[in-house]
Chemist: 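Let me give you the structure first, and then I'll get to my questions.
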Amino acid sequence: MSELALPTPPIEKHRPSLSRAPASNIDEDEKEQGLTAPPVLVHPKRELRADVRKLSFWYGDFQALHAVNLPVVNNGVTALIGASGCGKSTLLRCFNRMHDLYPGTRYDGDIMLLPEEKNIVSVKIDPIMVRLRIGMVFQKPNPFPKSIYENVASGLRVRGITQRAALDERVESSLRQAALWDEVKDRLHQSALGLSGGQQQRLCIARTLAPNPEIILFDEPTSALDPIATAKIEDLFHDLRSDYTIVIVTHNMQQAARISDYTAFMHLGRMVEFQATDDFFVNPSHLRTEQYITGRFG
Amino acid sequence: MSELALPTPPIEKHRPSLSRAPASNIDEDEKEQGLTAPPVLVHPKRELRADVRKLSFWYGDFQALHAVNLPVVNNGVTALIGASGCGKSTLLRCFNRMHDLYPGTRYDGDIMLLPEEKNIVSVKIDPIMVRLRIGMVFQKPNPFPKSIYENVASGLRVRGITQRAALDERVESSLRQAALWDEVKDRLHQSALGLSGGQQQRLCIARTLAPNPEIILFDEPTSALDPIATAKIEDLFHDLRSDYTIVIVTHNMQQAARISDYTAFMHLGRMVEFQATDDFFVNPSHLRTEQYITGRFG
Amino acid sequence: MTTQIQTELTPMQAAAPENEQERDRIIARKSRRSDWFFAAGGLIVLFLSMGLLLALLFDLGFSGASRIDFEFLTSFPSRRAEDAGILSAWVGTTLVMIVTAILSVPLGVMAGIYLEEYAPKNWVTTLIDINISNLAGVPSIIYGLLALGLFVYMFDMGSTVLVAGMVLALLILPVVIVSTREAVRSIPQITKEGAYGIGADKWQTVAHYILPAARPGILTGAIVGLSRAVGETAPVITIGALTYIAFLPNSPLQSEFPFLNFDWLNSAFTVMPIQMFNWLSRPQTDFHINAAATGLVLIIMTLLMNLIAIVIRYRLRRQNVA
Amino acid sequence: QNVPTVLIDGSSTVFPISEAVAEEFQKDQKGKTRVTVGVSGTGGGFKKFCRGELDITGASRPIKKSEMELCAQNNVEYIEMPIAIDALATIIHPDNKFAECLSVDELKTMWAPEAQGKITNWNQINPKFPDAPLVLFGAGTDSGTYDYYTFAIVGKEHSSRGDFTATEDDNVTVQGVSRDQNALGFLGLAYYDHNKDKIKRVAIRQADGSCVLPSVETAVDGTYQPLTRPIFYYVDKSKADQKHVADYIHFAFNPKNQQALVNEVGYVSLPENIAVAATKKFDMRTTGTHFGGGSKVGVKMEDLVK
Amino acid sequence: MDDAIARPPIHRFMPTPAYRARRLAMDRISRIAMFCAAALSVLITTGIVYVLVSESWGFFTTVPLLDFLTDTQWTPVFANPRFGIWPLLTATLWAAGIALLIAIPLGTVLAIYLSEFARPSVRETVKPCLEMLEAVPTIVYGYFALLVLTPFFQKFIPGLGGFNLLVPGIVLGIMILPYVVSVSEDAMRAVPGSLREGAYALGMSRLQTGLRVIVPGAFSGITAAYVLGMSRAVGETMVLAVAAGQGPNLTLDPREGAATITAYIVQMSLGDLPHGSLAYQSIFAVGLVLFLITLLFNVIGYYLRKRYREVY
Ligand SMILES: Nc1ncnc2c1ncn2[C@@H]1O[C@H](COP(=O)(O)OP(=O)(O)OP(=O)(O)O)[C@@H](O)[C@H]1O
Ligand SMILES: Nc1ncnc2c1ncn2[C@@H]1O[C@H](COP(=O)(O)OP(=O)(O)OP(=O)(O)O)[C@@H](O)[C@H]1O
Ligand SMILES: [Mg+2]
Ligand SMILES: [Mg+2]
Ligand SMILES: O=P([O-])([O-])[O-]
């Protein structure tokens, strides 16, 4: 586990230049508090795998995302943090078009898959195509009511892989990647619902890893788990981060600090700040960010 | 709003003496990690209103509280913090015997109401009597589907008070105490469900204040609210703390620091540390506490 | 700080191999197609079953609507189809429903609240629970046998409005109980805890906080139950309802003190489904038209009742969301 | 204020008459009197009647020994009155061309208790008949029609096979036969009369070989044998003194009403002198039965109203 | 900080002892009344069992149980009384079987369609409509089966009797369809949305999600829907009494008419049934059989339903 120290900056360091800067497109409340300013986006120095460009999103009439930008580095971990309800999950779920399942949702802007420059939120793209390339792990472990084996194999079966040998091989290797193999190898054909919460979540990770997706999305994958299970899953990230492109939502800043390469901070549906994680926590450039990471709200 | 600064202590300050201390009654996991030690209880210098003594509590077979001790100071705010699932709510709900509503729950030990030394978790005490003396405000605002007036009056009505004048007087004064009067005085007889989340929570506080209970329990009263509503409610505490005895659960350490006189830290159903709030955050005496307040877990 | 990174990007190990993309495309297309076929199939089944209701309504409408007029509603049955009406039938149905509602709703609500709020979790409760779910599935004609054996013969009450009302009340009791339980269960635990939290005891919580909040749900259940009772035929036949009744029971209201009259409870009666059954089993087409007209009245009545129930539930749901 | 109610039950054969009379009577009384008419069948009617539950019971056969005893047990005395003359009709589907005339023996083969479960095809009755399933409908076991039909055809009252659709409601028989090419059933003439377009009546081959169709005429002239019979009202003597019951009976046996109502529903009405005599018999409260507790073939109407 | 000392003591509102006593009494009375109401349901069942068993007792003292269970003819009130339940039972099972043949496939497809394919707005409209279908009085379905559908089907199916088991069976299937749909759709809805999203996230189509994840997840609930649907079909009365005929008929051909248990009870009830006669007792005997069959289905259904509720 990385030992990223987290010296929190002193509180009440006023940044008048920022906080007073008049900004367009701001809520009334925010203006009164003088807290909003144009987003601060420090562009990553690393190769990108995807790039969110001016993405807006609506649940019916409610606009949950406002022209969000976000670079996603290749083979690295990008963390999204922000107060509850700020739109982290909403943004994450745009990546695999999960919102398409619900009527009345609407995207505007792009999420470019790079290098081919394909806009995956375009209506022209079949969401199933997108989901076959981008996997997702959810907040609550959600194993299917089937055997452990079938859970891991399900993503492969969807992709038309049915040869026993290929399945066996891939099931084992993904369970190993998810550090679950030793615990379940003797009960592969028992129901997955018999596993503990932490095991179930690792099973879901194995299930997502099995077809080798290009990007993996994690929505607060440890928030329903106890500290020990959390630690196990955080360890996993260190093994995965060099091979997979990962976007993770977390409400735990320390977790973001521990496992991510880049961190983005959202507030009320807007992207406020994006920086390399090391800089983000030491030197946030935005007053809101600072207030958030020092616990003044959220 | 108080401006309690929160200088977090440096991380990785090892306290070998504590972490190595062998302690009885510890989980296996904990032992391995060498993190548990006997609780550190700094006895408050102020008069007490209640005293939790070796309280254990079971949900069926699951023991959620292990011989917890906690002094509750008179006319002051005692905050309970700890990671999710550590038993904060469980402890709080022992105070008004809320658990009695559910079958299979069991108390052991005492919560002494002082100065009369009455054990309110004793089976001999009628839980309704306890609830008539100890009020509670919940995490999610839960106004009754009635008018604003009737919501506030409800506590009085169940106590058999029906004279209009007495009700009117008390409704107004508790709404004032809850800083809600000005916002609702023109719509007292409209449904409480039409209020915003923050207003609803203040209404619930007014409802609890109305019969003037001896102790008021708050279970994460602001965690479902936005920052502005939160700030308003935190302000309330400063007005109430000198007249009411308050116990509050919060997951937000900064909030605990801002509003409480004493802070208790729980971990896995055990009381780990109890200190005056000013000392608690500056100088935690227990490694676990320190790790928690610096965000190493939770 | 790099700008325009994307364009400068060196070709990477990233993109999926061509064949994999091709495979994905095929899978996506197949998925789309199978989804489309299933959705089409589902829609067809949906329209088939909905269409059937419509066909039924239309058929009844075509055959019966022309027969429904003031005369039809205010005449007694007659040997001449064209003179026959359903006056005694709908009055009978109304009286029976009054008895049914008065008996089943309070009992059902009390039982439902007891089971949801009071009953300790033990084998007695489990037994009552299984028992009620079984009662809900007991064929209605068995209730008819119960009433025949118990009320008509053992208690010697005869086949009266009261007995019919009682048997139908027993029949819909499970419906009222189950919907009460659901309504009570759907009240957020947090509201109940709020009530206990202010020091209310069980009865106060139930009477002042649970019942008012559960009222729409209970009402819905009661109406649905009554709409079922309106259409029930078998149990009423079993207790021996008459087929030819050309008079009305005494009015429940009277001019002299005490203004209420309970003779009607002991009156012989007929109800609409029985009148319909009677006309249906006659061979003459003219009577079939009467049957269709009765069916139409019956179906409109039950659909209206259900509609009311649905509207209540809909408004309830909106209220809960707000 | 309880409205006086005439309670009638019993025969389904008599039901159409009672229904018609009741309807007109209630109109005539303008709501001062009520009439309820049940359809329990003759046997069912007698059971209730002899328990003292009814004012009048309709019967399509004379009272039986067992029923007489039951009435005696309960001290129920009865006035026996013929209300009309009926013929029993055997009916088939209109498209049935092979069974238009049947002999009593053929019918007996069909209906005898021994046929149960065995005689299930038309060609078992007569080899000339087609190979087609035999579907039977008939009056229920509580009915006088059933008793009289079995008495006349099988030779023993209340004795027949049991695997047919036996119903107290003759309408069901019409329904069933009209919907099935291979069906046969029996019922009162009135029901045939009302449903001529749906069903066909079967002629009975008489001893002389002639085929006689059931009809009002053949019933009156007595050529339709052995299935012509009188049908009855039995009035409880203890109830006869009640004004509304007496009014009802006077209304029913008023010769004008007889003519209009009985004929309308498809039976042979009583000749005027017989109707008057019947009313007189009622007014005299002459109790008892003319029959010794069983059906007879070919009784004289005059004897019945003495 | 402790300036409260300086202030007048706060008045704590507490109920008077008299008020407490009144509340306590009310609480106790209401509890007893409600318990009685709940216990009434047990009384009903006891009443049903008592009536059925005591009346059947008389029947079975006349009729050997063995005959009842093995004889193939049912003619209890005729010259040659035979007491085999089989003609009634087979007719009952035929009708219920045909009904299930219609209701299971259509119901399952419709349930999957509603829970996985239909937009919520469609679902919210369709479900009440289905409930309405459920509310149509059965006698109206009987009308439909007898006077509309049977003549219609007679044009296509040679040898279809005027009374038959086929058409009422089909109508019965349509009648229980809404019930099967609503119970199995409830079970499918009860499968947590997170499983659904998990399936979609793997790239599954709606159909795959439905068949591979939702149906297995809701399996016990769906089975419960079938079993409870069967129970309803077995106990349904008027459609069969009206359209399936009232003659006991042991047959393997659903084109023929045959009396079901329920139709037999109705038929006998239409006449006068003197208390204590064999005919009177016979309807209780067959009623007991009917009750036991539905009891079996209902209890199985109860446990299956409970299970899917417990899983999630
Ligand atoms: N299905 C929905 N329909 C309408 N509004 C929604 C829906 N889901 C979320 N929202 C709203 O969109 C906003 C963003 O929600 P989102 O779930 O993305 O927040 P989040 O940052 O993930 O919060 P959390 O930390 O609580 O998960 C919130 O205001 C929320 O109320
Ligand atoms: N009704 C219950 N039955 C069984 N176990 C329960 C129940 N409620 C809580 N628990 C368990 O008791 C422990 C303490 O729960 P509690 O709700 O008190 O935690 P908490 O500290 O309030 O957490 P949070 O911050 O999430 O509210 C947890 O392990 C929880 O799983
Ligand atoms: Mg979220
Ligand atoms: Mg809690
Ligand atoms: O006339 P019956 O109903 O007795 O045949």
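Numbers restart at 1 for each chain; the letters A, B, ... are given by sequence-line order, proteins then strands. Heavy atoms only: backbone and side chains are in, while hydrogens, waters and symmetry mates are out.
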Chemist: Looking at E/E236, E/M204, E/R31, E/R28, which has the largest count of heavy-atom pairs under 4.5 Å with chain C?
Modeler: E/R31
Chemist: Is the closest side-chain heavy-atom distance between E/F144 and C/L60 below 4.5 Å?
Modeler: no
Chemist: Counting only non-hydrogen atoms closer than 4.5 Å, does C/M154 touch chain E with its backbone (N, CA, C, O), its side chain (CB onward), both, or neither?
Modeler: side chain
Chemist: Tell me, out of C/V124, C/I44, C/I27, C/L43, who's got the most heavy-atom pairs with chain E below 4.5 Å.
Modeler: C/L43
Chemist: Do the non-hydrogen side-chain atoms of C/P235 and C/L168 ever get within less than 4.5 Å of each other?
Modeler: yes
Chemist: Salt bridge check, E/E185 against E/K127: does any charged N sit closer than 4.0 Å to a carboxylate O?
Modeler: yes
Chemist: Quick check on the interface: out of C/M50, C/R32, C/E117, who has the most heavy-atom pairs with chain E under 4.5 Å?
Modeler: C/M50
Chemist: Would you mind checking which part of E/L177 comes under 4.5 Å of any heavy atom in chain C, side chain (CB onward), backbone (N, CA, C, O), both or neither?
Modeler: side chain
Chemist: Could you check which of C/V45, C/N134, C/L107 has the highest count of heavy-atom pairs closer than 4.5 Å to chain E?
Modeler: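 Most heavy-atom pairs under 4.5 Å with chain E: C/N134.
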Chemist: Just checking, any donor-acceptor pair under 3.5 angstrom between side chains of C/S140 and C/E232?
Modeler: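 There is such a pair (donor and acceptor under 3.5 Å, judged by atom type) between the side chains of C/S140 and C/E232.
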Chemist: For the rings on C/F277 and E/Y143, is their centre-to-centre separation under 6.0 Å?
Modeler: no
Chemist: Taking C/L150, C/I130, C/I310, C/V206 one by one, which has the highest count of heavy-atom pairs under 4.5 Å against chain E?
Modeler: C/I130
Chemist: Just wondering, do E/I214 and E/I112 contact through their side chains at under 4.5 Å, heavy atoms?
Modeler: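 No, every pair of side-chain atoms sits at 4.5 Å or beyond.
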Chemist: Against chain E, work out which of C/A309, C/A39, C/P273 has the most heavy-atom pairs shorter than 4.5 Å and name it.
Modeler: C/A39
Chemist: How are the rings of E/F117 and E/Y113 set relative to one another: parallel (under 30°), tilted (30 to 60°) or perpendicular (over 60°)?
Modeler: parallel
Chemist: Which answer fits C/L135, side chain, backbone, both or neither, if we ask what part of it has an atom under 4.5 Å from a heavy atom of chain E?
Modeler: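 Just its side chain gets close to chain E.
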Chemist: Evaluate the side-chain proximity of E/S205 to E/T209: yes if any heavy-atom separation is below 4.5 Å, no if none is.
Modeler: no
Chemist: What part of E/L146 is in contact with chain C, defined as an atom under 4.5 angstrom from a non-hydrogen atom: side chain, backbone, both or neither?
Modeler: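 For E/L146, the contact with chain C is made by the side chain alone.
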Chemist: At a 4.5 Å cut-off on heavy atoms, which part of C/A292 comes close to chain E: side chain, backbone, both, or neither?
Modeler: both
Chemist: May I ask you to name which of C/L127, C/I113, C/V230, C/L148 has the most heavy-atom pairs under 4.5 Å with chain E?
Modeler: C/L148
Chemist: So what's closer than 4.5 Å to chain C heavy atoms on E/V148: side chain, backbone, both or neither?
Modeler: side chain
Chemist: C/Y143 vs C/T238, test: side-chain hydrogen bond (donor to acceptor under 3.5 Å, both in side chains). Steps then yes/no.
Modeler: CA-CA 9 Å; C/Y143 283 92; C/T238 316; over 6 Å; no
Chemist: Against chain C, work out which of E/L110, E/V299, E/I261 has the most heavy-atom pairs shorter than 4.5 Å and name it.
Modeler: E/L110
Chemist: Give, as side chain, backbone, both or neither, the part of E/F297 having an atom under 4.5 angstrom from any heavy atom of chain C.
Modeler: neither
Chemist: Which residues pass the side-chain contact (heavy atoms from CB on, under 4.5 Å) test with C/I132, sequence neighbours left out?
Modeler: C/L115, C/I128, C/P174, C/I177, C/V178, E/S41
Chemist: Answer with side chain, backbone, both or neither: which region of C/S63 has an atom nearer than 4.5 Å to a non-hydrogen atom of chain E?
Modeler: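 Only the side chain of C/S63 comes within 4.5 Å of chain E.
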Chemist: Only pairs of heavy atoms separated by less than 4.5 Å count here; which of E/C129, E/A118, E/P105 has the most with chain C?
Modeler: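 Between E/C129, E/A118, E/P105, the count favours E/C129.
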Chemist: Of the backbone (N, CA, C, O) and the side chain (C-beta and beyond), which part of E/T237 lies under 4.5 Å from a heavy atom of chain C, both, or neither?
Modeler: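 Only the side chain of E/T237 comes within 4.5 Å of chain C.
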Chemist: Given heavy-atom pairs under 4.5 angstrom as the criterion, report whether the side chain, backbone, both or neither of C/A229 touches chain E.
Modeler: neither
Chemist: E/I29 versus chain C, heavy atoms under 4.5 Å apart: side chain, backbone, both or neither?
Modeler: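 Interface part for E/I29: neither.
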Chemist: Does the side chain of E/I300 come within less than 4.5 Å of E/L228's, by heavy atoms?
Modeler: no
Chemist: Measuring from atom OH of C/Y153 to atom CD of E/E55, what distance do you get when rounded to the nearest 0.5 angstrom?
Modeler: 9.5 Å
Chemist: With a 4.5 angstrom heavy-atom cut-off, which part of C/F37 approaches chain E: side chain, backbone, both or neither?
Modeler: neither
Chemist: Are the side chains of C/I237 and E/M238 in contact, using a 4.5 Å heavy-atom criterion?
Modeler: yes
Chemist: Taking E/L24, E/V136, E/V181 one by one, which has the highest count of heavy-atom pairs under 4.5 Å against chain C?
Modeler: E/V136
Chemist: So which residues of residues 298-308 of chain C are in contact with chain E at a heavy-atom cut-off of under 4.5 Å?
Modeler: C/L298, C/I299, C/T302, C/L303, C/N306, C/L307
Chemist: Should the pair C/D35-C/K30 be classified as a salt bridge under the 4.0 Å nitrogen-to-oxygen rule?
Modeler: no
Chemist: So which of E/T45, E/V49, E/T138 has the biggest tally of heavy-atom pairs under 4.5 Å with chain C?
Modeler: E/T45
Chemist: Hey, which of E/R20, E/R23, E/R22 is the one that makes salt bridge (Lys or Arg N to Asp or Glu O under 4.0 Å) with C/D201?
Modeler: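 Among the candidates, only E/R23 passes.
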Chemist: Answer yes when C/R181 and C/D129 have at least one side-chain N-carboxylate O distance shorter than 4.0 Å, and no when they do not.
Modeler: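 The answer is yes: the pair qualifies as a salt bridge.
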Chemist: Quick one: does C/F287's side chain get under 4.5 Å of C/L280's, heavy atoms only?
Modeler: no
Chemist: For E/L106, which atoms come within 4.5 Å of any heavy atom of chain C: side chain, backbone, both, or neither?
Modeler: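 Its backbone and side chain both get close to chain C.
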Chemist: Out of E/I48, E/T294, E/D27, return the one with the most heavy atom pairs under 4.5 angstrom to chain C.
Modeler: E/D27
Chemist: Between E/R206 and E/E116, does any NZ, NE, NH1 or NH2 come within less than 4.0 Å of an OD or OE carboxylate oxygen?
Modeler: no
